[in-house]
There are 2 protein chains.
Amino acid sequence: MNVTKALNIMKEQGFKYTAKREELLQLFSDEKRYLTAKEVLNSLQKNYPGMSVDTVYRNLAIFEEMDILEMTELEGEMHFRFSCSTTAHHHHLICLECGKTREIETCPMDWLNENVDGGFEVTGHKFEIYGMCAECKRTKQKEAAHV
Amino acid sequence: MNVTKALNIMKEQGFKYTAKREELLQLFSDEKRYLTAKEVLNSLQKNYPGMSVDTVYRNLAIFEEMDILEMTELEGEMHFRFSCSTTAHHHHLICLECGKTREIETCPMDWLNENVDGGFEVTGHKFEIYGMCAECKRTKQKEAAHV
DNA sequence: AAAACAATTAGGAATCGTTACGATTTATTG
DNA sequence: CAATAAATCGTAACGATTCCTAATTGTTTT
């Protein structure tokens, strides 16, 4: 996903162009990681001091419906990121420090689908691996050394 | 897990016995499914009208720390259930209608652990399959027929 | 380019789940 | 049964999210 493509999808779906929407998309293009609504708000308020929370949540929601953003819930908060370029279904390694992710191609449902049924109708699943990325680990170690 | 065993663990850890705690445990023993804090509160308030939310959340938290209860976050809310009898690591099929679960023995991490690393330190993972159980599906179909 | 229209926004209030608090009550120990 | 520490109530505070209305803005039409 990229900003231009996202803006096109937006137009096609009948949504209006606004500078704020473009900047929001640009933010996700720059930060390739999960962001909270608050982080988005804080970032956009640098250029648009009066920006309201409502605007952020509303736009995050519509972009998610258009599959421009991916959403997941981490530690009780909604987190958003630009949809991965790979159209194929996939999962993520998620760094809980910085929100950066790495894709995993394999999906556990491939193995399980067959054994599951028995009347249970599967409507979705969540597979996420949490931890700390190499970079954050280094940062932490440095901090610890200075104590 | 069962009520007696849970009460013993509680004692061993230096927590006091209270009738409310026993009843809370009994509730989870009866309802073998994920319950929200609110559902727990409502249920206990039948016998203890003045029961406070604080008491519910505090006890849910301590029972989870003692591994008497399992916690997961579904649709933005904490959900609790009696820990499964199988001590082995496992995952769940979860009915989003009624909260009932079915265990899955296989864990996708068994396959992935080897390929993951690259400096990423795995601290946890979540694998849950969502849907509707056979029973809820029947109920829904009946409802639909009456419209 | 101006008017008309619908979508978007700001600002703040409302809601929901959860946590925090001081005063009171209760379970446990000796 | 008295002393002590833990548990509880009732309520206030909190943070994330949603909802509301009047004002603003982007787009379309003329």
Side-chain angles (χ1 to χ4, degrees), chain A residues 6-27 34-66 68-69 71-81 96 99, chain B residues 6-27 34-66 68-69 71-81 96 99:
Chain A
L7 287 172
N8 282 339
I9 297 173
M10 202 181 83
K11 277 268 181 89
E12 280 167 27
Q13 305 273 331
F15 290 97
K16 289 184 179 171
Y17 168 90
T18 70
K20 283 162 196 167
R21 279 180 175 162
E22 175 161 359
E23 193 135 336
L24 186 148
L25 292 168
Q26 190 58 54
L27 172 63
Y34 278 113
L35 300 171
T36 62
K38 196 184 207 176
E39 286 176 302
V40 174
L41 181 65
N42 287 342
S43 176
L44 294 196
Q45 280 186 335
K46 287 172 196 159
N47 288 333
Y48 304 97
M51 183 136 189
S52 105
V53 286
D54 185 86
T55 304
V56 171
Y57 279 104
R58 185 166 20 78
N59 286 317
L60 290 174
I62 67 169
F63 285 135
E64 199 228 337
E65 269 184 33
M66 290 187 268
I68 289 168
L69 296 179
M71 197 262 273
T72 192
E73 208 175 285
L74 301 172
E75 297 164 326
E77 273 184 85
M78 295 161 112
H79 285 68
F80 297 86
R81 52 160 298 148
L96 293 178
Chain B
L7 288 172
N8 282 338
I9 297 173
M10 201 180 85
K11 277 269 180 89
E12 279 167 28
Q13 305 273 331
F15 290 97
K16 290 184 178 170
Y17 169 89
T18 70
K20 281 161 196 167
R21 280 181 173 161
E22 175 161 359
E23 193 135 335
L24 185 148
L25 292 168
Q26 190 59 53
L27 172 64
Y34 277 113
L35 300 171
T36 62
K38 197 184 209 178
E39 285 177 303
V40 174
L41 181 65
N42 287 343
S43 175
L44 294 197
Q45 279 186 337
K46 286 173 197 159
N47 287 332
Y48 304 98
M51 184 135 191
S52 111
V53 285
D54 185 87
T55 303
V56 171
Y57 278 103
R58 185 166 20 78
N59 286 317
L60 290 175
I62 66 168
F63 285 136
E64 199 227 337
E65 269 185 34
M66 291 186 268
I68 290 168
L69 296 179
M71 197 262 273
T72 193
E73 206 175 288
L74 301 172
E75 297 165 326
E77 273 184 84
M78 296 160 111
H79 285 66
F80 297 85
R81 51 161 296 149
L96 292 178

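Lettering of chains follows the sequences in order, A, B, ..., and the numbering in each one begins at 1.
Side chain D54(B) to base dA20(C): a donor-acceptor pair is found below 3.5 Å. If you check distances only, the side chain of K38(A) never reaches the base of dA16(D) with a donor-acceptor pair under 3.5 Å.
The OH atom of Y48(B) sits 12 Å away from the P atom of dT26(C) (whole-angstrom rounding). One interatomic measurement links the two molecules: CG of L7(B) to P of dA7(D), which rounds to 13 Å at whole-angstrom precision. Atom CD of Q13(A) and atom P of dG26(D) are 21 Å apart (whole Å). For the pair E23(A) CD and dT8(C) P, the interatomic distance rounds to 18 Å; values are reported in whole Å. Rounded to whole Å, the distance from OH on Y34(B) to C1' on dG17(C) is 19 Å. Note: CG (L35(A)) to P (dT17(D)) measures 13 Å, nearest angstrom. Rounded to whole angstrom, the span from the CG atom of L60(B) across to the P atom of dG17(C) amounts to 14 Å.
Phosphate contact (OP1/OP2 of dT19(C), side-chain N/O of Y57(B), threshold under 4.0 Å): absent. One finds no side-chain N or O of R58(B) lying less than 4.0 angstrom from the OP1 or OP2 phosphate oxygen of dT19(C).
Here the side chain of E73(B) pairs no donor or acceptor atom with the backbone of H79(B) at under 3.5 angstrom. Not one N or O on the side chain of E64(A) forms a donor-acceptor pair closer than 3.5 Å with the backbone of L69(A). Under the 3.5 Å distance criterion, the side-chain polar atoms of R21(A) are matched with a main-chain donor or acceptor of K16(A).
In the set dA16(D), dT8(C), dG26(D), dA16(D) carries the atom at the smallest distance from any side-chain atom of E77(A). In this structure, of dT8(D), dT8(C), dT18(C), it is dT8(D) that holds the atom nearest to the side chain of T55(B). Distances were taken from every side-chain heavy atom of K20(B) (C-beta onward) to each of dT8(D), dT18(D), dA16(D); the shortest belongs to dT8(D). The side chain of N59(A) approaches dT9(C) more closely than any other nucleotide in the set dG17(C), dT9(C), dT28(C). Considering only side-chain atoms of T18(B), the nucleotide from dA7(C), dA7(D), dT18(D) that sits closest is dA7(D). For M78(B), counting side-chain heavy atoms from C-beta on, the closest listed nucleotide (dT8(C), dA7(D), dT19(C)) is dT19(C). Side-chain proximity of M51(A) to dA10(C), dA6(C), dT9(C): nearest is dA10(C).
The residue Y17(B) sits close only to the backbone: its heavy atoms come under 4.0 Å of sugar-phosphate atoms, none of a base. Among the atoms of the strands shown, only primed sugar atoms or phosphate atoms (P, OP1, OP2) are found under 4.0 Å from some heavy atom of R21(A).
The shortest distance between side-chain heavy atoms of Y17(B) and L7(B) falls below 4.5 Å. Between F63(B) and L25(B), the closest side-chain pair of non-hydrogen atoms falls below 4.5 Å.
Toward the 5′ end of DNA chain C lies the nearest nucleotide of F15(A), the other residue of the pair G50(A) and F15(A) mapping further downstream.
Distance check, rounded to the nearest 0.5 Å: CD1 of I62(B) to CZ of F15(B) gives 4.5 Å.
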